Structures are given as structure tokens and as C-alpha cells.
A.B. asks: 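The structure under discussion is supplied below as C-alpha cells; questions concerning it will follow.
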2 protein chains.
Amino acid sequence: MTTPTLTKNQSLVFDVLTKAEAPLSAYTILDKLRDHGFRAPLQVYRALDKLLEYGVVHRLESINSFVACAHPDENCHSHGLVAFAICESCGQVIEFHDHEVDHRLMDWLKSQKFKAEKSTIEIRGHCASCAA
Amino acid sequence: MTTPTLTKNQSLVFDVLTKAEAPLSAYTILDKLRDHGFRAPLQVYRALDKLLEYGVVHRLESINSFVACAHPDENCHSHGLVAFAICESCGQVIEFHDHEVDHRLMDWLKSQKFKAEKSTIEIRGHCASCAA
DNA sequence: TCAATTGCGTTATGCTATAACGTGTGCGAT
DNA sequence: ATCGCACACGTTATAGCATAACGCAATTGA
């Protein structure tokens with residue numbers, strides 16, 4: 001359950017995301033890595049697929065972007081649901097885990113006999129600094 | 001706060017969504033409406049924008065698709081958060097409102113001084129019928 | 001050694017969404 | 001009445017996001 005050693009491309013992509021202050025789109029990542037030899041979107045997407053699989057990166061569906069996990073040490077996949085608050089001004093993301101919400105949603109899904117596999121909880125709005 | 005009369009294009013798009021058994025992408029809607037004179041994506045997107053604004057249609061961010069609201073009578077915007085369970089086999093969507101989850105998330109956002117504006121809660125997996 | 005797996009690079013393509021322009025129509029204010 | 005405004009609409013073009021399909025190279029393990 002530990003994260004495998006990252007390949008060169010995976011490391012490059014992960015570094016870019018780690019240093020970024022906000023989520024990045026795949027194409028933005030591509031641009032930032034052109035100097036390192038990246039030429040095509042697929043190089044980014046393939047690295048992202050693995051990083052997502054390892055749980056060290058999250059995909060933000062509502063803004064088609066990617067962000068490094070806030071707790072790289074622990075394995076995010078073991079946390080159950082993850083929620084994100086995304087600031088539409090500065091782009092910053094706050095990651096959040098809550099067992100209450102988790103249980104409540106899971107109970108409901110169970111009552112519907114729905115077998116959950118992936119979840120997306122994203123709140124867009126304005127963070128403390130940006131909410132003028 | 002009542003829904004205005006729909007224009008021709010808005011009605012056409014809304015009808016297609018209402019009759020569909022699963023969420024549709026904007027381009028799928030476009031194809032279904034070519035016989036009614038639709039020729040360009042914008043005709044669909046513009047209608048969708050309004051329908052979303054009126055709260056009679058939801059956008060599913062995780063699958064880039066749109067679905068008619070499950071409670072066309074009430075105004076969905078007044079329900080607070082909405083959650084969706086999306087079956088990856090048959091495409092069917094179950095819409096869900098829960099005040100518990102709502103409050104819990106809102107409390108957390110408040111504690112972060114985050115001003116929420118739009119929310120997305122989507123669970124992908126397999127529905128009762130499809131979970132073999 | 002051979003086969004299977006995995007990562008990689010490249011080209012091409014498809015899907016999703018919006019920009020920018022112009023037209024027509026209804027409607028209230030002067 | 002007509003002017004101005006707001007709004008829906010139609011069209012063309014383009015931007016932005018994601019994957020298909022091909023082939024090569026390195027690694028591993030039977």
C-alpha cells in the first residue's frame with residue numbers, strides 16, 4: 001500500500017503540482033515542463049493517471065484541474081471521502097476529510113443499494129482572504 | 001422565484017433531458033435536436049445556462065453531462081446541497097438532498113470562513129440493478 | 001532467451017466549451 | 001411613434017480538455 005518509486009515523468013509532474021499554489025490543468029503542467037522535454041499532453045496525462053492511482057494527487061472535476069494531496073505522508077485512499085473548497089478568486093484549495101459526512105453519505109448509498117467507487121465533493125466560492 | 005416561461009430552444013433542450021433516461025452531454029443534445037433546426041453547440045449551451053439558472057436542470061461535473069432535476073415542481077435552488085449517485089454501467093442518476101450532510105459541510109466551511117457559492121457532490125459507482 | 005509488462009514518445013483525433021460577430025424582436029420611456 | 005435597451009437567437013471560428021493508436025525501449029521473471 002506504499003507508493004512505488006516515481007518515474008522521471010511522474011516526479012516532474014508531481015513536483016510541479018507540489019510547488020504550485022493552486023490547482024493546475026494538464027495543459028498548464030505541460031507548458032511548465034516543456035523545458036524538461038515534455039512535448040505532448042499524453043505525457044502529462046499518463047503521469048497524472050499514476051499519481052491519482054497512488055493517491056498523491058487529486059483531480060478537481062469541477063475545474064478540470066489537478067492538485068497535490070495535502071497529506072502526502074498518509075495514504076489518501078484510506079481516508080474515505082475527501083472534500084475540497086475551491087476559491088474562485090485566488091484558486092487556493094482547502095482539503096477536508098469528515099467522517100460524519102462520509103458515514104451519512106455512505107448510509108444513504110447503502111440504503112439505495114448503490115455501490116460507490118469514486119466520489120467528488122467540491123465547493124466553489126471565496127476563501128477568507130478573498131471574500132472582500 | 002418561479003421559473004419564467006421557457007423559450008423555444010430552452011423547451012426543446014429541457015424536453016430532451018426530461019425524456020432521457022440518463023444524463024446527456026451538450027453535444028448529444030445537439031444531435032438529438034438537429035431535426036428541430038439546431039446546428040451549433042452554442043444553441044444548446046445557451047439554453048442549458050438558463051435552465052441551470054432556473055434550477056430545473058443540473059450539471060454533472062464529473063461526467064460533463066446534464067440531467068433534468070428530479071423535482072421539477074419545487075425549486076431546487078432552495079434545497080441547499082444536492083448529491084448525485086451516478087451509475088457507471090447504465091448511466092442512471094439518483095438525486096439526493098440531505099440536511100445533515102448539508103449542515104456539516106456548511107459548518108466546516110464557516111469555520112474556514114469560506115463563502116460557498118456552488119457545490120458539487122457526485123458519487124460514481126454501480127446502481128442496485130447493475131451491481132452484478 | 002523469450003514473452004509479458006510497463007513506461008515512453010509521437011501523431012492524430014475527438015470531445016467539451018466559449019469568443020466574437022451580427023440579426024431580429026419585444027417593450028418601456030421620452 | 002420611435003428610440004434605446006435587453007434578450008434570445010444564429011453562425012463561424014477558436015480555445016481548452018482528453019484519449020486512440022502506433023511503435024520503441026527497458027525491465028522482469030519463467
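Just the heavy atoms: all of them, side chains too, but no hydrogens, waters or symmetry mates, feed the values below. In this text the structure is predicted, and so the values were computed from the model without any measurement. Throughout, protein chains are lettered first and strands after them, A, B, ... in sequence-line order, and every chain is numbered starting at 1.
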A.B. asks: Taking any heavy-atom pair under 4.0 Å as a contact, classify Arg46(B): base, sugar-phosphate, or nothing.
C.D. replies: base
A.B. asks: Treating Gln43(A) as the side-chain partner and Ala40(A) as the backbone partner, does any N or O pair qualify as donor plus acceptor under 3.5 Å?
C.D. replies: yes
A.B. asks: Do Glu61(B) and Arg124(A) meet the salt-bridge criterion of a basic N to acidic O distance under 4.0 Å?
C.D. replies: yes
A.B. asks: Do the side-chain N or O atoms of Gln43(B) get closer than 4.0 angstrom to the phosphate oxygens (OP1, OP2) of dC9(D)?
C.D. replies: no
A.B. asks: For Lys8(B) and dC9(D), give me the distance from atom NZ to atom P, rounded to whole Å.
C.D. replies: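 So the NZ-P distance, Lys8(B) to dC9(D), works out to 9 Å.
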A.B. asks: I need the minimum non-hydrogen distance between Phe14(B) and Val56(B), along with the two atoms involved.
C.D. replies: CE1-O, 3.6 Å
A.B. asks: Hey, what do you get for CZ (Phe96(A)) to CD1 (Ile121(A)), rounding to the nearest 0.5 Å?
C.D. replies: 9.0 Å
A.B. asks: Tell me whether the rings of Tyr45(B) and Phe66(B) are parallel (<30°), tilted (30 to 60°) or perpendicular (>60°).
C.D. replies: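 Geometry flag for Phe66(B) against Tyr45(B): perpendicular rings.
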A.B. asks: Just the endpoints, please: which first and last nucleotides of DNA chain C, 5' to 3', lie under 4.0 Å from a heavy atom of chain B?
C.D. replies: dT16(C) to dA20(C)
A.B. asks: Indicate the atoms forming the closest heavy-atom contact of Cys90(A) with Cys127(A), along with that distance.
C.D. replies: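 Heavy-atom minimum between the residues: SG-SG, 3.8 Å.
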A.B. asks: Of Lys50(A) and Leu42(A), whose nearest nucleotide on DNA chain C comes first from the 5' end?
C.D. replies: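 Its nearest nucleotide lies further toward 5', so the answer is Lys50(A).
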A.B. asks: Do the side chains of Leu42(A) and Leu24(A) join up, straight or via other hydrophobic residues, at under 4.5 Å, putting them in one cluster?
C.D. replies: no
A.B. asks: What are the atom names and distances for every N/O pair under 3.5 Å that joins the protein to nucleotides 14-18 of chain D?
C.D. replies:
residue, atom, partner, partner atom, Å
dA18(D), OP1, Arg59(A), NH2, 2.9
dA18(D), OP1, Asn64(A), OD1, 3.4
dA18(D), OP2, Tyr45(A), OH, 3.0
dA18(D), O5', Tyr45(A), OH, 3.3
dA18(D), N7, Tyr27(A), OH, 2.7
dA18(D), N6, Tyr27(A), OH, 3.2

A.B. asks: Report the distance from atom CD1 of Ile29(A) to atom OG of Ser65(A), rounding to the nearest 0.5 Å.
C.D. replies: 8.0 Å
